[in-house]
Amino acid sequence: MSEQVLPVLPQFAAKAYVDQAKYRQMYQASIDDPVAFWAEHGKRVDWIKPYTQVKDVDFTGDVHIRWFHDGVLNVAANCIDRHLARRGDQTAIIWEGDDPAESKHITYREMHAQVCRLANALKTQGVKKGDRVTIYLPMIPEAAYAMLACARIGAIHSVVFGGFSPDSLVNRIEDCGSSIVITADEGLRGGRKVPLKANADAALKKCPGVKTVIVVKRTGGAINWVAGRDLWYHEVCAQAAADCPPEPMNAEDPLFILYTSGSTGKPKGVLHTSGGYLVFTAMTHQYVFDYHDGDVYWCTADVGWVTGHSYIVYGPLANGATTLMFEGIPNWPDSSRFWQVIDKHKVNTFYTAPTAIRALMREGEAPVKKASRASLRLLGSVGEPINPEAWLWYHRVVGDGRCPIVDTWWQTETGGILITPLPGATPLKPGSATLPFFGIKPAVVDANGAELQAPGTGNLVLTDSWPGQMRTVYGDHQRFIDTYFSTYKGCYFTGDGCRRDEDGYYWITGRVDDVINVSGHRMGTAEVESALVAHPKVAESAVVGYPHDLKGQGIYAYVTLKAGIEPSEELRKELVAHVRKEIGPIAAPDLIQWAPGLPKTRSGKIMRRILRKIAENEHGNLGDTSTLADPAVVDDLVSNRMNRS
Ligand code: PRX
């Protein structure tokens, strides 16, 4: 762990919204009187009917979380309409295609017309306030239009990442009961086509409730067409009016559902509502990225993840920013692509994931130096812990030593950034997400729930609410209570471990539950296990994470085959392909170990702690194994382990 401290750059602090003194003063005010603090900061968005109530939260009992709950607003109007008078002709979205020859600028006025047309088209298809709309699109502007069109008419969107399989799409459509899907003929990534419509067709065979599919023509590739169900996006929009009044929404009306993996069961539908979410994402976007008028801001996430929701679409657009949306991948046509895009569009702020930084670091400095990156002012990191080595490379090589790095810790559930440096205020320590944002009260607790007062290591909880917090698990409030509020009474449990140092800085160490983080993508080990046991040759499986140089964590699967089935290289490949098909490529196991048996207690519970140690190549230190039903099983697993690094 690095203990190097990089002071705030005076020239950065001079221009920033918040310097060190202001951070301390604002943070203290936000903790001393959260109601007064948020009453003030809630005004940053336009309300159709202003709130008189600010906070109504109880983390105990049935758990309820409400912010600004008698206020009325429309999120899309805040992201578009209110900017028209002053910035109608300003670029809202810079779209950079997969092919470097393809890009376009969309102004706020153009976006208004696009969103209104689609909103009207959705209404024509019978979509009403509160209905769920599933969006399964590549990184094209239509993805943002679709989200905003839903927000405009009060429909709840559920964006499903384009890399998910048909079966994953089925689960998500069924869980929220949506009867309409917006997709594209094909996506384009790294020169390769992604068969989105074909995937959707396969999924919809199992979703009889879906009556309408709106299809964006992205590549023009041949697709199957279901008459009476499928409609071309460009046709329905051409027929619709270019003005659609925004629906007045209560602050607590749902804005979207986003599915994310947990330690048990199927992915949960994380529900975010309108007012608090918008206030929080707009405010964090402004302060964390120190966004000023005229800046060009680029977040490389996919809109299928929460980072894309909060920091490509809602936060930046609520601030009237220029946000760049990138269809491609970092190493296509070559590994200089990110830096070329930065020069091409004069990007000032660049926000990406450690996994991308580590992959590009492997390519050396030459691809970075091919571009000037002269426009860069600030760098950001999100999605997983960033190792100090990658942090320092990002700072020295990409930022030429002159751009602060904001390492932002947050989650799908938190809606926005909670622990982060502010670039004009916070001295940086490579590898640390540093200090809490305004209004955030983190605590480190031990296994018994006792709060550490001194520096130390434990589990990270939040002792109070913030406006961007998720409100429930869609359709299963009990699961919300059980998952987040029952481990430590009265606190929101993050699922992350962390260390707090002598300066009060937070160092997130990663998940402490059965969730793994593969290249910044969150994956439940239980999901991968159930995909594996769905294969006819598999009797049992246990999946754990292990340290992976590029991905942060890799997926390590122990597989017990059914009696009479022989292990082989071919079968290994078959199982990897099977998981890719069931969940999606991001869930493909990196290592599969054939396990004649799994280590179990006498009552039959799999001892995952031991499996983790073996996968991490830490088998010399297995801890207490006295409760094992059959110790010989462990000897076999250790001697045939797959990770010997
Ligand atoms: O373990 C933490 C890790 O990612 C988890 C949340 O994943 P997800 O809901 O997919 O959201 C990712 C984007 C916000 C967290 O529980 N994580 C996220 N950011 C960081 C991080 N771990 C360390 N440092 C971060 N900056």
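Every value quoted in this text rests on a predicted model; they were computed, and no experiment measured them. One-based numbering along the sequence shown. Both ligands and their constituent atoms are indexed starting at 1 by order of listing.
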Distances for all N or O pairs of ligand 1 and the protein under 3.5 Å?
| residue | atom | partner | partner atom | Å |
| --- | --- | --- | --- | --- |
| ligand 1 | 1 (O) | Asp496 | OD1 | 2.6 |
| ligand 1 | 1 (O) | Asp496 | OD2 | 3.3 |
| ligand 1 | 4 (O) | Gly383 | O | 3.2 |
| ligand 1 | 4 (O) | Asn517 | ND2 | 3.3 |
| ligand 1 | 9 (O) | Thr412 | N | 2.8 |
| ligand 1 | 9 (O) | Thr412 | OG1 | 2.6 |
| ligand 1 | 9 (O) | Arg522 | NH1 | 2.7 |
| ligand 1 | 16 (O) | Gln411 | NE2 | 2.9 |
| ligand 1 | 16 (O) | Asp496 | OD1 | 3.3 |
| ligand 1 | 16 (O) | Asp496 | OD2 | 2.6 |
| ligand 1 | 16 (O) | Arg511 | NH1 | 2.9 |
| ligand 1 | 17 (N) | Gly383 | O | 3.4 |
| ligand 1 | 19 (N) | Gly383 | N | 3.1 |
| ligand 1 | 22 (N) | Pro385 | N | 3.4 |
| ligand 1 | 24 (N) | Glu384 | O | 3.4 |
| ligand 1 | 26 (N) | Asp407 | OD1 | 2.7 |
| ligand 1 | 26 (N) | Thr408 | O | 2.7 |

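There is a side-chain donor-acceptor pair under 3.5 Å between Tyr136 and Asn199. Looking only at atom types and distance, the side chain of Tyr506 has a donor-acceptor partner in the side chain of Arg500 under 3.5 Å away.
In terms of the side chain to side chain donor-acceptor pair (under 3.5 Å) criterion, Tyr505 has no residue partners (sequence neighbours excluded). Remark: Arg479 pairs with no residue by the salt bridge (Lys or Arg N to Asp or Glu O under 4.0 Å) rule, at least two apart or across chains. Qualifying ring pair (Phe, Tyr, Trp, His ring centres under 6.0 Å) partners for Tyr287, counting only residues two or more places apart in sequence or in other chains: Tyr17, Phe438.
The aromatic rings of His548 and Tyr546 stand perpendicular to each other, their planes meeting at an angle above 60°, with 30° marking the opposite boundary.
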